[in-house]
Amino acid sequence: MAAAKQPEPDPVLSLRGVAVRVGGRTLWSGVDLTVGAGEFTAVLGPNGVGKSTLVKVLLGVLPAAAGEVRVLGGAPGARSGAVGYLPQRRSFDASVRIRGVDVVRLGLDGDRWGIPVPGLGRARRQAARERVAEVVELVGASAYAHRPIGQCSGGEQQRLLIAQALIRRPQVLLLDEPLDSLDLPNQSAIAALLGRICHQEQVSVVMVAHDVNPILHHLDRVVYIAEGGAVAGTPTEVITSETLTRLYRTPIEVLRTSDGRLVVVGQPEAPALHSDRHPEPGTGGGGHVAG
Amino acid sequence: MLLADANSPVFSWNLLADFQEMWAYPFMVNAFRAGAIVSVVCAVVGWFMVLRRQTFAGHTLSVAAFPGASLAILVGVSTSLGYFGFCVAAALVIAALGRKGRDAGAEESAVTGTVQAFALACGYLFISLYKGLLEGPTALLFGSFLGITTGQVLLLAVVGAVVLAVLAVIGRPLLFATVDPEVAAGRGVPVRLLSALFLVLLGAATAEASQITGTLLVFALMVVPAATAQQLTGRPGLSLLLAALIGLACCWGGLIAAYYQPYPLGFFVTTIAFTGYVLAHLGRALHGALGRTRGSSFGLGGAA
């Protein structure tokens with residue numbers, strides 16, 4: 001939060017009135033967002049609303065249909081070396097016999113052509129090995145990084161993949177549902193890790209999530225995307241009854257439970273056009289736990 | 001067959017003398033040379049194939065070698081031309097038709113299966129059209145090491161060198177695109193281009209292997225050494241080196257066995273490779289079991 005209050009002449013990410021069209025249909029529009037250095041931002045919203053699409057726009061893979069997008073002061077994709085990206089959860093199955101450190105190392109020089117000439121670049125190889133060890137230590141994966149990655153658990157693989165995304169010291173880290181299909185202890189551990197990286201290493205983290213609870217107390221900023229519109233701001237500004245009611249054009253109530261969890265009640269489910277990947281039983285009547 | 005007469009050579013366990021005896025025949029020298037080239041090239045390409053889970057594509061390319069070789073015999077050109085021409089062409093077909101989007105594995109396997117069935121049928125047609133002195137499809141399907149000419153060895157060496165050189169250049173991005181295609185694409189690695197290029201390399205390597213083990217047994221040199229090496233180590237560089245050494249050992253071991261015994265080469269190469277794979281699996285299972293009993297106290301220490 002401190003970083004947000006400092007005058008930032010050039011924010012890390014800025015979106016002005018951005019809209020996105022996929023297949024001739026406007027997914028969302030009017031997104032305004034400014035993210036400063038070392039800020040932790042969550043992109044929230046029902047499934048199928050285009051949260052991952054926002055990440056693709058920031059990566060420069062998908063052009064914005066309207067508005068202006070700037071990443072690190074340039075066009076999206078212009079400084080891809082300074083942007084780390086963790087796609088929606090991929091898991092390595094048990095037969096993948098490549099060590100975790102090798103997967104992390106690929107993030108450093110996996111895109112380089114040719115093979116290293118023996119004898120040449122000894123210093124660079126040493127530096128690369130040290131950087132791998134350093135970033136593996138940063139995510140707390142040293143104990144299992146030398147095992148084949150297929151034999152690591154889901155949470156262990158996710159830590160190694162975060163290390164891979166961080167190895168080039170990016171200024172921005174984009175993550176697409178990194179907590180998906182992890183159990184609750186792992187969800188909060190990964191969330192705490194991302195919060196620590198964000199605030200200690202001054203990496204701006206933008207993370208797509210469908211449940212805000214595990215990350216809520218690490219967050220500086222929230223983008224809530226609904227069908228046709230979006231609201232950005234601090235969590236206390238955005239996840240309120242008034243804001244969400246305005247966004248969904250239907251009465252919505254945000255309740256705060258005694259342990260600090262936010263419960264959004266009365267929110268319409270994901271747009272009917274999309275199949276819902278995570279049917280949420282137990283929240284009948286359109287209730288949706290969002291925070 | 002040729003060597004199975006009454007005064008057939010006897011293995012003396014003196015490897016130096018044995019090699020001197022075998023290498024007195026130019027055809028054996030050529031067989032060993034060709035075997036060395038093919039086994040190393042196939043082990044390295046096969047290592048990537050196993051990691052990319054493209055063994056079905058590899059199998060199809062090797063089946064495409066069968067109509068290639070039989071057509072070459074039918075029209076009277078060099079069989080090498082048939083092998084390389086058909087395998088690389090089939091690789092291009094699979095590359096062009098398959099893998100439109102990510103996770104297109106199902107579509108790719110359907111395309112691959114279609115190409116494979118057609119290739120096999122064509123091979124059978126060419127064999128039946130050829131009414132000359134062909135002992136049948138056995139040698140094409142199950143391999144032969146007799147009558148490899150110096151010219152063939154040279155061609156194998158040149159193609160093998162090109163394949164290895166290309167792999168040396170694209171190896172690291174290819175590994176990245178194999179292990180982690182989405183992140184690799186995000187880093188600017190041309191994932192689709194690499195995929196197509198790798199299929200062409202795979203075609204060339206299967207064409208090489210087909211000339212030694214026959215089209216049906218190429219996996220003895222393409223899959224088994226790589227799978228064995230990946231059982232033994234998780235380090236990519238070491239694993240590649242091991243695969244090449246295991247492939248070479250299987251191929252030369254098979255050649256030695258086939259020289260002294262009247263049974264086919266393909267059987268020996270495959271059996272040696274298979275034995276190695278089973279041993280590696282057993283070794284790893286044993287190591288895992290030992291590691292677990294030893295690791296239980298270590299695990300507790302780590303959690304504390």
Side-chain angles (χ1 to χ4, degrees), chain A residues 52 55-56 58-61 77 80-81 83-118 125 140 142-152 157 160-162 164-165 167-168 170 174 176, chain B residues 44 47-48 50-53 55 102-103 164-191 193-194 197 226-240 242-243 280-281 284 288 291-292 295 298-299 301-303:
Chain A
S52 304
V55 171
K56 293 207 171 99
L58 292 173
L59 280 170
V61 179
S80 62
V83 179
Y85 171 49
L86 201 69
Q88 198 154 10
R89 195 166 156 68
R90 336 145 253 169
S91 58
F92 300 92
D93 74 19
S95 69
V96 179
R97 305 267 312 153
I98 295 285
R99 294 175 307 166
V101 279
D102 297 315
V103 175
V104 174
R105 173 72 186 265
L106 282 172
L108 184 67
D109 56 9
D111 56 347
R112 207 171 291 157
W113 304 93
I115 48 168
V117 183
R125 270 209 303 284
S142 303
Y144 43 81
H146 286 264
R147 263 194 256 152
I149 196 158
Q151 287 169 12
C152 294
Q157 289 185 10
L160 288 165
L161 291 173
I162 291 171
Q164 186 203 48
I167 194 161
R168 283 195 189 174
L174 305 174
D176 198 347
Chain B
V44 172
W47 188 86
F48 281 100
V50 169
L51 204 63
R52 295 174 65 81
R53 293 149 195 250
T55 42
R102 66 187 175 118
D103 299 331
L164 289 181
V166 173
L167 260 185
V169 172
I170 68 166
R172 200 158 36 179
L174 182 66
L175 181 65
F176 199 7
T178 300
V179 174
D180 217 346
E182 277 186 80
V183 177
R187 282 283 164 81
V189 173
V191 175
L193 182 71
L194 280 179
L197 188 58
T228 309
Q230 288 183 15
Q231 289 294 318
L232 293 174
T233 176
R235 293 166 183 267
L238 187 63
S239 188
L240 266 169
L242 262 180
H281 233 298
R284 193 159 80 84
R292 258 195 297 283
F298 176 76

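Every chain is numbered from 1 and lettered A, B, ... according to where its sequence line falls, protein lines coming before strand lines.
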*Asks:* So what's closer than 4.5 Å to chain A heavy atoms on B/V179: side chain, backbone, both or neither?
*Replies:*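 B/V179 touches chain A through backbone and side-chain heavy atoms alike.
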
*Asks:* Which region of B/L51, side chain (C-beta onward) or backbone (N, CA, C, O), has a non-hydrogen atom less than 4.5 Å from a non-hydrogen atom of chain A, or is it both or neither?
*Replies:*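 Side chain of B/L51 only, per the 4.5 Å heavy-atom cut-off to chain A.
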
*Asks:* Under 4.5 Å from any heavy atom of chain B, what part of A/I98 do you find: side chain, backbone, both or neither?
*Replies:*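 For A/I98, the contact with chain B is made by backbone and side chain together.
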
*Asks:* What residue in B/G188, B/S239, B/P236, B/P190 has the most heavy-atom pairs under 4.5 Å with chain A?
*Replies:*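 Most pairs with chain A among the choices: B/P236.
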
*Asks:* Against chain B, label A/R168 side chain, backbone, both or neither, depending on which of its atoms sit under 4.5 Å from a heavy atom there.
*Replies:*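 For A/R168, the side chain is the part near chain B, not the backbone.
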
*Asks:* Answer yes or no: is there an ion pair linking B/R187 with B/D180, defined by an N-O contact shorter than 4.0 Å?
*Replies:*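 Between B/D180 and B/R187 there is no salt bridge, as every charged N stays at least 4.0 Å from the carboxylate O atoms.
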
*Asks:* Under 4.5 Å heavy-atom distance to chain B, tell me which part of A/D102 shows up: side chain, backbone, both or neither.
*Replies:*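 Interface part for A/D102: side chain.
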
*Asks:* Closest approach of A/A145 and A/L160, non-hydrogen atoms and distance?
*Replies:*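 Of all heavy-atom pairs spanning A/A145 and A/L160, the closest is CB-CD2, 4.0 Å.
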
*Asks:* Distance-only, no hydrogens or angles: does the A/Q164 side chain make a donor-acceptor pair with backbone N or O of A/V103 under 3.5 Å?
*Replies:*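 A pair under 3.5 Å: yes.
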
*Asks:* Counting distance only, does the side-chain N/O of B/Q231 pair as donor-acceptor with the main-chain N or O of B/H281 below 3.5 Å?
*Replies:*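 Judged by distance alone, no pair lies under 3.5 Å.
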
*Asks:* Is B/A184 in contact with chain A via its backbone, its side chain, both, or neither, using a 4.5 Å heavy-atom distance?
*Replies:*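 Nothing of B/A184, per the 4.5 Å heavy-atom cut-off to chain A.
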
*Asks:* Report the distance from atom OG1 of B/T233 to atom CZ of A/R99, rounding to the nearest 0.5 Å.
*Replies:*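 Nearest 0.5 Å value for the OG1-CZ distance: 7.0 Å.
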
*Asks:* Can you tell me how far the CG atom of B/L175 sits from the CG atom of B/L194, to the nearest 0.5 Å?
*Replies:*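 That separation rounds to 11.0 Å.
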
*Asks:* Heavy-atom cut-off 4.5 Å, strictly under: side chain, backbone, both or neither for A/I149 against chain B?
*Replies:*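 Neither part.
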
